[in-house]
Amino acid sequence: MGDNNKTKLKLDSKVTKLDLITPEETTNTVFSPWTIEDSENLYRIPGWGEPYFSINAAGHITVSPQGDRGGALDLYELVEALKKRNIGLPLLIRFSDILADRIERLNACFARGIARYNYPNVYRGVFPIKCNQHRHIVEALVKYGKPYQFGLEAGSKPELMIALATLEPSLSEKNNKSQPLLICNGYKDKEYIETALLATKIGHKPFIVIEQLEELYLAIKISRQLGIEPNLGVRAKLSTKGVGRWGTSTGDRAKFGLTIPEILTVVTELEKEGMLNSLQLLHYHIGSQISAIGVIKDAIREASQIYTQLAKMGANMQYLDVGGGLGVDYDGSKTNYYASKNYNMQNYANDIVAEVKEACEEAEIHPPVIVSESGRAIASHQSVLVFDVLGTGEVPVNPPEALQEKEPLIIRNLWDTYSSIDVQNYQEAYNDATQFKEEAITSFNLGYFSLKERARAEQLYWACCQKILQIARQQDYVPDDLEDLEKIMASIYYINLSVFQSVPDSWAIDQLFPIMPIHRLDEKPTQRGILADLTCDSDGKISQFIDLRNDVKSVLELHSLQDCDKLGNHKPYYLGMFLVGAYQEIMGNLHNLFGDTNVVHIQMKPKGYEIQYVVRGDTVTEVLSYVQYDAEDLLETLRRHTENALQENRMTIEESQRLLKDYEQSLRRYTYLVDDAQ
Ligand SMILES: *Cc1c(COP(=O)(O)O)cnc(C)c1O
């Protein structure tokens with residue numbers, strides 16, 4: 001509807017200036033239809049989505065959870081099918097096969113690196129539980145990781161408890177070579193260390209990584225008491241500087257790890273106790289999402305030196321644990337921008353293997369088992385957040401009415417500006433229009449302009465902006481002062497989501513995630529918008545999007561809603577946010593009491609897919625209980641109030657029934673907006 005009119009308008013205006021347009025331009029800009037390839041380029045899917053996401057002929061996003069080796073499913077159809085099963089939006093969809101594929105890829109990359117450099121030892125990955133602690137995920141990781149002896153990393157006591165209950169203990173002899181590792185990081189008290197030590201007795205392979213000197217003394221004391229020989233590691237504070245958001249995880253002032261003098265203290269103390277044999281592992285973690293391969297190389301070089309020196313001092317060194325940091329290319333640019341990374345998984349594995357091998361050869365030390373704790377790179381791709389658009393708010397641009405006689409000077413100036421905008425003067429025209437609009441507002445504030453005149457001035461101003469923007473978009477170079485124009489003219493898309501609950505990093509640290517419509521991709525997105533969420537917080541919005549040309553863009557290309565009526569009804573329009581499987585879920589908060597979203601787990605089957613699990617999102621009753629309200633009490637209070645109103649004839653019995661029914665129903669339902677029409 002609206003779209004067609006616009007295209008027609010454009011056609012007409014082109015026709016009048018036909019002499020200026022070459023035939024080629026005509027076909028490109030006016031007649032060539034929008035294709036799914038155009039959408040692919042616009043939203044950069046190949047950059048961030050391969051091999052899992054692409055677009056099919058229907059213009060829908062497809063998901064190939066097994067990469068190039070398995071079938072694909074239509075994401076839009078899946079959402080529709082789930083809605084029919086009463087699983088509404090917003091909805092987090094997890095693809096278990098993607099998780100399996102990520103584990104396989106990481107292990108394959110290290111296997112290739114090990115083969116390429118003839119590395120005489122193996123790789124053993126662990127998943128840092130903090131990255132996504134949900135039971136179905138950790139269980140799936142352990143299951144899919146089994147062929148690779150993929151282990152777990154715990155950063156706290158609760159995570160240790162998850163790990164102990166999820167990893168399968170080995171039933172054969174102690175320290176069985178094929179037992180997955182259990183790396184115990186984080187702050188440790190007596191109970192933590194005791195639990196970890198005793199876990200060896202039931203067939204686990206825990207490594208107690210000393211992050212503070214006190215932990216060393218605790219570990220010595222407790223292992224003596226229990227008569228269990230510990231597997232110890234040390235976490236080193238490297239001097240290598242991280243980059244980007246998490247750059248401060250290293251360096252002398254980092255929160256975690258031991259300085260070199262402290263590591264030496266560990267060695268002397270263990271030696272004194274006759275326990276130097278227990279020290280087997282060196283660990284470091286220089287931060288998450290390391291975007292530059294150079295930093296990764298610097299860190300592994302420094303760590304390899306520490307490792308070989310420890311071995312030479314008599315520690316029983318066997319494992320080098322390089323921590324996390326393996327990045328995800330959120331914007332698909334393959335650069336060292338913080339939302340990207342300038343290397344791939346294979347480069348990462350190769351560089352680590354090569355550096356460790358070289359350092360060990362030089363020092364004549366047997367190379368260690370290489371351990372990594374990749375969280376983000378394993379868990380991000382499997383989750384897609386799908387949400388619907390509730391409505392849009394647009395800057396009102398209508399073609400302005402022609403100038404009347406005796407209109408005020410400011411209006412006439414605006415009109416003249418509007419009428420004369422062209423490629424030569426559009427920047428100047430923008431400055432003029434802005435100035436005249438400000439003058440109009442001053443006149444209004446001083447009482448010289450009526451409300452109608454102010455409305456007229458604003459309309460003319462928006463019309464100028466619209467015309468200028470259309471010209472500016474065609475230019476290769478846009479002057480700085482026009483950059484804000486996109487933001488000023490952006491439509492607001494109201495989304496059924498809480499940014500604080502579902503993508504906290506978008507709000508807290510401006511992290512970028514790819515966002516795009518999951519359907520209508522065979523259709524040109526004619527609008528540019530920002531996203532505003534359901535919370536009453538002005539920070540509850542997304543106004544930065546991935547971009548190739550510049551680092552970020554401030555508006556996202558979107559489609560206009562179809563079949564809108566005055567009540568805001570329209571055809572559903574679904575957006576997807578991708579690569580959200582790491583860190584977002586657990587750090588989300590209950591701002592405005594929007595709770596957890598619905599979650600489904602999808603697994604591919606030879607014929608189609610299967611819904612493995614459905615985890616219902618919070619109900620209103622549940623979120624209210626988090627803040628100590630009891631639904632029954634609330635309902636009872638409301639019932640009493642309606643009873644009073646009834647007795648005083650302020651309300652009819654029907655009204656009271658209806659209020660109580662609505663209230664009761666809301667308590668049982670989802671915290672997000674529900675579309676009762678469907
Ligand atoms: C957070 C963390 C990780 C995971 O880092 P990613 O960049 O997500 O791979 C690994 N190890 C430790 C010690 C961590 O704190």
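Order of listing sets the numbers, starting from 1, for every ligand and every atom in it.
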message: Once you measure the plane-to-plane angle for W48 and F53, does it fall in the parallel (<30°), tilted (30-60°) or perpendicular (>60°) bin?
response: tilted
message: Measuring from atom 2 (C) of ligand 1, which candidate in E373, H283, K130, E211 has the nearest non-hydrogen atom?
response: K130
query: Between Y613 and H136, how do the two ring planes meet: parallel, tilted or perpendicular, split at 30° and 60°?
result: parallel
query: Which atoms of ligand 1 have any heavy atom of G325 under 4.0 Å away?
result: 5 (O), 6 (P), 7 (O), 9 (O)
field: Pairwise side-chain contact, K205 with T200, heavy-atom cut-off 4.5 Å (strictly under)
entry: no
- prompt: Which atoms of ligand 1 have any heavy atom of N185 under 4.0 Å away?
  reply: 13 (C)
query: Out of curiosity, is G155 lining ligand 1, as in a heavy atom under 4.0 Å away?
result: no
query: Relative to ligand 1, is S288 under 4.0 angstrom through side chain, backbone, both or neither, heavy atoms considered?
result: both
field: Distance, nearest 0.5 Å, that separates OG of S502 from CG of L385
entry: 5.0 Å
Ligand-side contact atoms (ligand 1) for residue partner Y583, heavy atom cut-off under 4.0 Å: 1 (C), 4 (C), 5 (O), 6 (P), 8 (O)
field: R235: numbered ligand 1 atoms lying under 4.0 Å from its heavy atoms
entry: 13 (C)
message: Holding to salt bridge (charged side-chain N to carboxylate O under 4.0 Å, His left out), I want the full list of residues that pass it with E194, two or more places apart in sequence or in another chain.
response: K190
query: Are the ring centres of F127 and F150 closer than 6.0 Å?
result: no
- request: Please write down residue, atom name and distance for the protein heavy atom closest to atom 9 (O) of ligand 1.
  value: G375 N, 2.7 Å
task: Would you please test N316 and L279 for side-chain contact (heavy atoms from CB on, under 4.5 Å) and show each step?
output: CA-CA 6 Å; N316 178 22; L279 181 56; over 6 Å; no
message: Any atom of ligand 1 sitting under 4.0 Å from a heavy atom of S374?
response: yes
field: R376 neighbourhood, listing ligand 1 atoms whose heavy-atom distance to it stays under 4.0 Å
entry: 6 (P), 8 (O), 9 (O)
